[in-house]
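Before any comments, here is the structure.
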Amino acid sequence: MLPYIHSLISEVLRKRSIEIPDFTVEHPKNPDFGDISTNVAMKLAGILKKNPLKIAEEIREELLTLHEFLIQEIECVRPGFINFYISDHYYQSLVEKLIEEDKNFMKPEREGKKVQIEFVSANPTGPLTIGHGRQAVLGDTIARILEWYGNDVTREYYFNNAGRQMQRLGESVYARCKQLLGKDYPIPEGGYEGEYIRDIASDYLKEREGILPENPLDRDLIDFASDRIFKMIRETLDRLGVHHDIFTNEKDLYTSGKIDEVLALLREKGYLYDKEGAVWFRATCFGAEKDRVFVKSSGEPTYRLPDIAYHREKLLRGFDLIIDIFGADHHATYPDVKAGLEAMGYDTSNIVVLLHQFVTLTRNGEKVKMSTRKANFVTLDELMDLAGPDVVRYFYIMRTMDAHLNFDIELAQKESDENPVFYLQYAHARMNNILKHSVDKGIDSYLDGDIQLLNEPETLDVLKVVSEFGEVMELCRRTLEPMHLTSYLQKLATAFHKFYATHRVVTEDLLLSRARLKMVHAVKTLMAEGLGILGVSAPDHM
RNA sequence: GCCCCGAUAGCUCAACUGGAUAGAGCAACGGUCUUCUAAACCGUAGGUUACAGGUUCGAGUCCUGUUCGGGGUACCA
């Protein structure tokens with residue numbers, strides 16, 4: 001509806017040969033200002049050097065000649081706003097549209113882009129934490145939104161199974177094995193101290209019949225440990241409803257020679273130089289303050305190099321859009337990756353980096369400091385034990401990724417009432433129950449209900465919220481912020497609960513009952529669709 | 001020092017590209033179930049949008065500076 005009004009106004013201006021300014025068409029916060037409002041006259045006031053209210057009146061006159069039946073009334077107000085009142089008929093018609101289009105309600109033409117989205121990407125050194133959870137849900141929900149638009153989305157997990165972290169993991173398991181064998185053997189400095197390490201050590205000894213390799217950095221030991229941890233990670237993600245299509249590991253980039261290719265290309269373009277035994281990249285050519293080391297004097301690459309090689313692979317794989325989701329701590333690294341790619345002559349404009357702020361955990365009103373190494377964290381699994389996957393998913397995307405997320409353990413543990421998720425699910429269950437009740441009452445069909453009977457304010461308010469669905473989805477896609485959908489569904493549920501409280505659906509009045517049942521059916525479809533995009537279940541009973 | 005995020009009701013947070021009287025939930029207080037689920041609804045109360053300037057018809061939103069909090073700024077990942 002908003003783009004439609006926008007185009008109507010543009011048409012009027014074009015007809016009058018007035019240059020079209022950058023103006024907004026929106027739903028005003030205050031219902032006294034109509035269903036839709038535009039500031040076009042005020043934008044034109046400066047250009048035309050005329051009174052904005054006068055301009056508004058002129059545009060209104062012109063619009064009235066169009067005899068647009070969807071618009072009931074147009075009014076011009078104080079500084080120069082033009083407010084539109086949309087006819088009830090339009091809102092009522094949405095009920096039929098929703099039933100007819102079902103899951104394609106307000107969905108535009110298939111976009112058909114190839115999208116790759118990388119997220120979570122935690123190295124297999126321990127269970128996923130609450131911090132990883134935010135990224136998992138954020139990435140998956142963004143993927144669902146893009147899929148809704150008919151894009152082909154690849155969910156990808158990139159991990160490092162070759163570096164120093166893996167060595168520390170091996171050493172830690174090794175130490176635990178030694179201890180299990182009755183030896184006094186300390187966990188190395190910077191090693192992993194979690195209980196899961198002990199379990200892995202115990203299983204390792206069992207499966208290898210008590211034989212421990214002599215070298216703590218033994219490949220078999222490390223692989224055993226990382227495989228075990230990866231299995232845990234995948235089970236956790238599975239439980240959360242997050243499924244990656246591809247797992248890419250850093251080790252393969254070395255064995256396949258991709259790292260060397262990048263070095264050769266950069267060398268060829270003249271962006272590398274040797275200094276103090278290390279290989280340096282001229283990051284300053286791309287706006288960085290300092291040049292960066294790509295290969296240490298020890299001969300090992302820094303993390304930037306495989307990151308660049310990996311992203312080069314992504315570009316070569318031919319995606320229309322590449323999305324990376326990182327925690328705020330990565331904010332300094334992605335400019336280097338982009339610089340490296342540009343140095344090789346690649347266009348990085350289709351790479352979008354989304355940074356989310358951290359998750360802080362509070363327990364008894366105090367912040368809990370988390371560290372995987374020290375194992376004083378709450379895992380994502382434990383969180384799901386407390387609150388269930390639906391609540392966890394919802395909580396993670398309730399907020400913009402730009403803001404810190406405060407996860408209150410007490411609140412998560414609390415039974416339902418304070419959980420906004422239940423509010424939505426309850427609305428859905430209620431709608432389902434009404435439909436079920438109508439069957440019990442012997443109303444066998446309502447799809448031929450007369451939508452013109454849906455004319456009370458509370459009923460139309462529900463449909464007004466329904467009318468905004470397309471705009472909200474568009475907003476989610478544009479900003480890649482699923483949060484807008486959560487607040488929309490809250491709004492939808494509120495409108496419905498209010499309708500429910502004022503109007504009884506199934507009554508003696510059969511015609512009215514049918515009309516209302518039809519609306520309930522339609523809104524239930526939309527609520528289920530919205531929850532589905534969020535990856536939250538829509539229960540029929542609660 | 002420099003870079004990135006944030007600061008809005010007692011608490012957790014909204015406010016779509018600058019729009020009209022800054023909104024929800026929780027907590028507090030008061031109402032509403034013989035009728036489709038009260039996990040709901042209605043009402044009361046709660047604000048100098050961290051601070052100071054600036055830009056304009058109009059600023060929570062944009063610009064500059066300040067304060068506080070988080071994260072970066074490695075031959076760690």
Side-chain angles (χ1 to χ4, degrees), chain A residues 2 22-24 26-30 32-33 37-39 42-43 45-46 52 77-81 83 123 125 160 163-165 190 250 275-280 288-290 292-298 300-304 306-307 327-333 335 355-358 360 365 398-406 408 411 414-423 425-427 429-438 440-441 468 471-472 474-476 478-479 481 483-484 486-487 490-491 493-494 496-502 504-507 513 516-517 520 541-542:
Chain A
L2 298 186
D22 198 18
F23 66 99
T24 61
E26 61 188 4
H27 300 284
K29 290 179 220 168
N30 189 333
D32 293 344
F33 302 131
S37 173
T38 178
N39 64 354
M42 286 175 291
K43 289 289 174 189
V77 180
R78 285 175 298 190
F81 290 102
N83 299 334
N123 288 336
T125 57
N160 178 0
R164 182 169 302 169
Q165 282 187 47
E250 188 179 319
K275 191 177 101 185
E276 294 159 4
V279 179
W280 292 71
E289 262 178 46
K290 286 184 258 181
R292 309 290 186 195
V293 170
F294 273 12
V295 183
K296 298 184 234 174
S297 51
S298 65
E300 287 174 279
T302 58
Y303 66 93
R304 300 174 213 269
D307 278 358
D329 55 338
H330 279 65
H331 126 263
T333 77
L355 294 174
H356 66 84
Q357 297 299 309
F358 281 13
T360 47
M398 262 178 4
R399 316 262 112 100
T400 66
M401 59 184 109
D402 283 340
H404 284 255
L405 180 65
N406 198 5
D408 187 326
L411 190 74
K414 263 187 195 165
E415 288 301 314
S416 43
D417 324 43
E418 292 172 40
N419 270 318
V421 193
F422 290 107
Y423 185 76
Q425 294 182 320
Y426 183 58
R430 247 186 176 172
M431 293 182 234
N432 182 69
N433 203 58
I434 294 168
L435 297 179
K436 186 169 152 279
H437 178 76
S438 75
D440 296 344
K441 286 282 178 187
E468 292 171 24
E471 294 150 24
V472 170
E474 180 54 34
L475 184 61
C476 287
R478 198 176 71 232
T479 59
E481 278 279 14
M483 186 255 329
H484 298 295
T486 65
S487 42
Q490 287 289 329
K491 206 170 153 188
T494 300
F496 180 78
H497 283 310
K498 201 168 281 192
F499 159 81
Y500 178 91
T502 29
R504 199 179 157 75
V505 176
V506 180
T507 63
S513 298
R516 287 181 178 163
L517 282 166
V520 170
H541 308 281
M542 285 181 76

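In what follows, every heavy atom counts, from backbone to side chain, and hydrogens, waters and symmetry copies are set aside.
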### Query
Any donor and acceptor pair, going by atom type alone, linking the side chain of A:Ser513 with main-chain N or O of A:Thr507 inside 3.5 Å?
yes
### Message
Given the structure, check if the side chain of A:Ser37 and the base of B:A20 hold any donor-acceptor pair shorter than 3.5 Å.
### Response
yes
### Summary
Taking B:U21, B:G70, B:C57 as options, the one with an atom nearest any side-chain atom of A:Asp32 is B:U21
### Message
Looking at B:G58, I'd like to know if its phosphate oxygens (OP1 or OP2) sit under 4.0 Å from a side-chain N or O belonging to A:Arg78.
### Response
no
### Summary
Per the glycosidic torsion and the 90° limit around 0, nucleotide B:C29 is anti
### Message
Between the base of B:A77 and the side chain of A:Asp307, is one N or O donor paired with an acceptor at under 3.5 angstrom?
### Response
no
### Message
Under a 3.5 Å cut-off for both contacts, is B:U55 paired Watson-Crick or G-U wobble with anything, and if yes, with which nucleotide?
### Response
none
### Task
Answer with yes or no whether A:Ser297 presents, from its side chain, a donor or acceptor under 3.5 Å of a partner atom in the base of B:C75.
yes
### Task
Go ahead and name the base partner of B:U73; Watson-Crick or wobble counts if both distances stay under 3.5 Å, otherwise write none.
B:G1
### Query
Of all the choices, B:A38, B:G70, B:A14, which nucleotide is nearest to the side chain of A:Arg399 once you look at every atom?
B:A14
### Task
Consider the side chain of A:Tyr423, meaning its heavy atoms from C-beta on, and name the nucleotide among B:A77, B:C13, B:A40 that approaches it most closely.
B:A40
### Backbone N/O of A:Met401 and side chain of A:Glu481: donor-acceptor pair under 3.5 Å
yes
### Message
Could you tell me how far apart A:Asp402 (CG) and B:A14 (P) are, to the nearest whole angstrom?
### Response
10 Å
### Message
Should A:Phe81 be counted as stacked on B:A20, where stacking needs a ring-centre gap under 5.5 Å and an angle between planes under 30 degrees?
### Response
yes
## Note on the structure
Here the distance between atom P of B:A24 and atom CE of A:Met483, to the nearest Å, is 17 Å
### Task
Kindly say if A:Lys498 contacts the phosphate of B:C42, meaning a side-chain N or O under 4.0 Å from OP1 or OP2.
yes
### Query
So, do A:Phe33 and B:A20 meet the stacking rule of ring centres under 5.5 Å and planes under 30°?
yes
### Task
Using atom CZ of A:Arg504 as one end and atom P of B:C41 as the other, report the distance to the nearest whole Å.
18 Å
### Query
Does the B:C75 base have a donor-acceptor partner in the side chain of A:Glu276 within less than 3.5 Å?
yes
### Task
Tell me the partner of B:G43, counting only Watson-Crick (N1-N3 plus N6-O4 or O6-N4) or G-U wobble (N1-O2 and O6-N3) with both under 3.5 Å; none if nothing fits.
B:C29
### Task
Scan every strand shown for a Watson-Crick or G-U wobble partner of B:A24, both distances under 3.5 Å, and answer none if you come up empty.
B:U12
### Query
Across the strands shown, which category fits A:Glu26 at heavy-atom distances under 4.0 angstrom: base, sugar-phosphate, nothing?
base
### Task
Would you state whether a donor and an acceptor, one from the side chain of A:His331 and one from the base of B:G71, lie under 3.5 Å apart?
yes
### Message
Go through it in stages, so that I can follow the logic: the residues are A:Thr494 and A:Tyr423, the test is side-chain hydrogen bond (donor to acceptor under 3.5 Å, both in side chains), and I'd like the CA-CA distance, side-chain angles, deciding distance and then a yes or no.
### Response
CA-CA 9 Å; A:Thr494 300; A:Tyr423 185 76; 3.0 Å; yes
### Task
Please determine, for B:U34, whether a Watson-Crick or G-U wobble partner exists with both distances under 3.5 Å, and give it or none.
none
### Query
What about A:Asp329: does its side chain form a donor-acceptor pair under 3.5 Å with the base of B:G72?
no
### Query
Which nucleotide in the set B:G71, B:G19, B:C75 lies at the smallest distance from any side-chain heavy atom of A:Ala328?
B:G71
### Query
Does B:G6 have a Watson-Crick or wobble partner in any strand here, with both distances under 3.5 angstrom, and which is it?
B:C68
### Message
In whole Å, I'd like the distance from the CD atom of A:Gln425 to the P atom of B:A39.
### Response
14 Å
### Query
The side chain of A:Arg292 lies closest to which of these nucleotides: B:C16, B:A74, B:A77?
B:A74
